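Only this structure's heavy atoms are used, side chains among them; waters, hydrogens and symmetry mates stay out. Keep in mind it's a predicted model, so treat the numbers as computed, not measured. Note that the numbering runs from 1 along the sequence shown for the chain.
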Amino acid sequence: MHAFSHGSSPTALAVPPALFLPVVESGFPRQLHPYWPRLQENTRTWLLEKRLMPADLVEEYADGLCYTDLMAGYYIGAPDEVLQAIADYSAWFFVWDDRHDRDVVHRRANAWRKLRFRLHAALDAPRDHLHHQDPLVAGLADTVVRLFSFLGENWNTRFARHFHAVIEAYDREFRNRISGTVPTVPEYLELRRLTFAHRIWTDLLEPSAECELPESVRRHPAFRRAALLSQEFAAWYNDLCSLPKEIAGDEVHNLGISLIHHEGLTLEEAVVELRRRVEECVKQFLDAEKDVLRLAAHLADGTVRGKETSIAVTACLGNMRNWFSSVYWFHHESGRYMVDSWDDRSTPPYVNNEAAGEK
């Protein structure tokens, strides 16, 4: 059991000085959805049933990877069935990321191309792919069918459009890694917003709040800024924490790597710059948060719809805030980033090698 309210206290963790963010620890109290214990158990079972990880790896690593902790700390207030679908989708996303990595390492261009096209097809017609022979394709189809059951067709279309873009961004990463191309800082920032799936995690705030937000709200500068900052923090803090893992694995996609390669920074200077950007995200979010609260107050115009939208916006904003603490502690609790404990710093021990095409 790894969630902080069930035995492990964040304050007991020794966060390395380079990764220690006092502003997050003091200003963003950590929360956990009360469904978490069942969520962890059900996602573990789902990974087995969908053959995304073999039983021995699920038994040894699934809980320690803390994938459910991450989602249970983010989508507070979500109905249990919504949180379960999101957590399973998130676990699938991590497994997919690992498959992508192994396809790169073994230079399996044909395998990656087939998977890419199959994922696009499963996203367009998920019910037709529920029993696909590739567990990754079937797993995506299962989560998409469930996610599409919560809100309307417009939300479903938007989610699919956003995830199609993520799949294509992963293809750009594949080609960059095969060719050894390190993107420039501007190129990387644009690509990272897609591969981290900024829009996906923001979209999922809506079923968690049980409300599809009007386009005027989603596109409002204050709402968009707060959402982007919460995601930028997560992506860049991930880069900061995963820099040793990705250097060991000959990765080319990390803000620190782009800064070193294109801006001439040393590793130490890149770490300082990453920290600066991460801390600036927190500072700017606190300002944006005030603007979104004003927007929510304005939306409460005396109508039933206005009140519902105002409540939903406030709930979404609260969960944007939760993303800071959830992401922060996830990186210090999850076995995904404990590179120094691996036998091979470039090969995660929790990877499903058989599903990844390795025997």
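- Cluster membership for V327 and V23, using ILVMFWY side-chain heavy atoms within less than 4.5 angstrom, is shared.
- Residues Y237 and Y328 place their aromatic rings such that the two centres sit under 6.0 Å apart.
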Steps toward side chain to side chain donor-acceptor pair (under 3.5 Å) verdict (R161, N156): CA-CA 9 Å; R161 182 175 70 252; N156 295 351; over 6 Å; no
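- The aromatic rings of Y89 and W92 lie parallel to each other, with less than 30° between the two planes, well short of the 60° mark.
- Criterion: ILVMFWY side-chain heavy atoms under 4.5 Å apart, direct or through other members. Under it, L21 and V272 are not part of a common hydrophobic cluster.
- One distance of note links CZ of R108 with NZ of K114; it measures 12.0 Å at 0.5 Å rounding.
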Audit row: W236, F324, ring pair (Phe, Tyr, Trp, His ring centres under 6.0 Å) steps and yes/no: CA-CA 11 Å; W236 297 346; F324 288 85; over 10 Å; no
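- Under a cut-off of 6.0 angstrom, the local environment of CD in E59 is sparse, with at most 12 non-hydrogen atoms contributed by other residues, nucleotides or ligands.
- If you chain together hydrophobic residues whose side chains sit under 4.5 Å apart, I76 and I311 never meet in one group.
- To the nearest 0.5 angstrom, C281 atom SG is 9.5 Å from R276 atom CZ.
- For S179 (side chain) and N176 (main-chain N/O), a donor-acceptor pair under 3.5 Å exists by modelled atom type.
- With sequence neighbours excluded, no residue satisfies side chain to side chain donor-acceptor pair (under 3.5 Å) with E41.
- Shown here are the salt bridge (charged side-chain N to carboxylate O under 4.0 Å, His left out) partners of R113, two or more places apart in sequence or in another chain: there are none.
- Under the side-chain contact (heavy atoms from CB on, under 4.5 Å) test applied with D69, the options Y74, W329, W36 reduce to a single match, W36.
- Between F93 and W96, the ring planes lie perpendicular to each other; the angle is over 60°, past the 30° to 60° tilted range.
- A salt bridge links R275 with E279: at least one charged nitrogen is closer than 4.0 Å to a carboxylate oxygen.
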Stepwise side-chain contact (heavy atoms from CB on, under 4.5 Å) test for F196 and V166: CA-CA 8 Å; F196 194 80; V166 171; over 6 Å; no
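- Residues E25 and R30 are not paired through a salt bridge, judged by the lack of any N-O separation under 4.0 Å between the basic side chain and the carboxylate.
- To the nearest 0.5 Å, the span separating CG on N319 from OG1 on T202 amounts to 11.0 Å.
- With rounding to the nearest 0.5 Å, the separation of OG in S90 from CD1 in I200 is 12.0 Å.
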Derivation of the side chain to side chain donor-acceptor pair (under 3.5 Å) call for D88 and Q84: CA-CA 6 Å; D88 291 349; Q84 187 67 65; 3.1 Å; yes
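- In summary, R277 and E273 engage in a salt bridge, as defined by a charged side-chain N under 4.0 Å from a carboxylate O.
- Using a 4.0 Å cut-off between charged nitrogen and carboxylate oxygen, R146 and D142 count as a salt-bridge pair.
- Ring planes of F94 and F330: tilted class, angle from 30 to 60°.
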Could you go through the salt bridge (Lys or Arg N to Asp or Glu O under 4.0 Å) check for R158 and E206 one step at a time? CA-CA 12 Å; R158 173 164 35 107; E206 294 172 70; 2.7 Å; yes
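- E269 contributes atom CD, which lies 9.5 Å from atom CD1 of I260 (distance to the nearest 0.5 angstrom).
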For D171 and R175: C-alpha separation, side-chain torsions, deciding distance, then whether salt bridge (Lys or Arg N to Asp or Glu O under 4.0 Å) applies. CA-CA 6 Å; D171 185 57; R175 287 183 277 116; 3.2 Å; yes
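- Comment: R225 does not engage E232 in a salt bridge, judged by the lack of any side-chain N to carboxylate O separation of less than 4.0 angstrom.
- For D291, the side chain to side chain donor-acceptor pair (under 3.5 Å) partners two or more places apart in sequence, or in a different chain, are R294.
- With hydrogens and angles ignored, the 3.5 Å screen pairs no side-chain donor or acceptor of R177 with any backbone N or O of V252.
- Residues L140 and L130 are members of separate hydrophobic clusters, defined by side-chain heavy-atom contacts under 4.5 angstrom among Ile, Leu, Val, Met, Phe, Trp and Tyr.
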Would W155 and F150 satisfy ring pair (Phe, Tyr, Trp, His ring centres under 6.0 Å), going step by step from the backbone distance to the final call? CA-CA 9 Å; W155 186 92; F150 301 126; 8.2 Å; no
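- Under a hydrophobic-cluster definition in which Ile, Leu, Val, Met, Phe, Trp and Tyr are linked whenever side-chain heavy atoms come within less than 4.5 Å, directly or via other members, L228 and V185 are assigned to different clusters.
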Applying salt bridge (Lys or Arg N to Asp or Glu O under 4.0 Å), run through D301 and K307 and close with a yes or a no. CA-CA 7 Å; D301 57 5; K307 182 179 180 180; over 6 Å; no
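- Residues D97 and R102 are not paired through a salt bridge, judged by the lack of any N-O separation under 4.0 Å between the basic side chain and the carboxylate.
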Start with the C-alpha gap between H164 and F159, add the side-chain angles, then the distance that decides, and say whether side-chain contact (heavy atoms from CB on, under 4.5 Å) holds. CA-CA 9 Å; H164 278 305; F159 179 94; over 6 Å; no
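- The environment of H298 atom NE2 is sparse: at most 12 non-hydrogen atoms of other residues, nucleotides or ligands sit within 6.0 angstrom.
- Here Y35 and Y75 keep their ring centres 6.0 angstrom or further from each other.
- Residue-environment remark: CZ (R127) stays at or below the threshold of 12 foreign heavy atoms within 6.0 Å.
- Between F174 and W112, the ring planes lie parallel to each other; the angle is under 30°, not in the 30° to 60° tilted range.
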Test side-chain contact (heavy atoms from CB on, under 4.5 Å) applied to R321 and L286, step by step: CA-CA 9 Å; R321 163 176 271 275; L286 293 173; 3.5 Å; yes
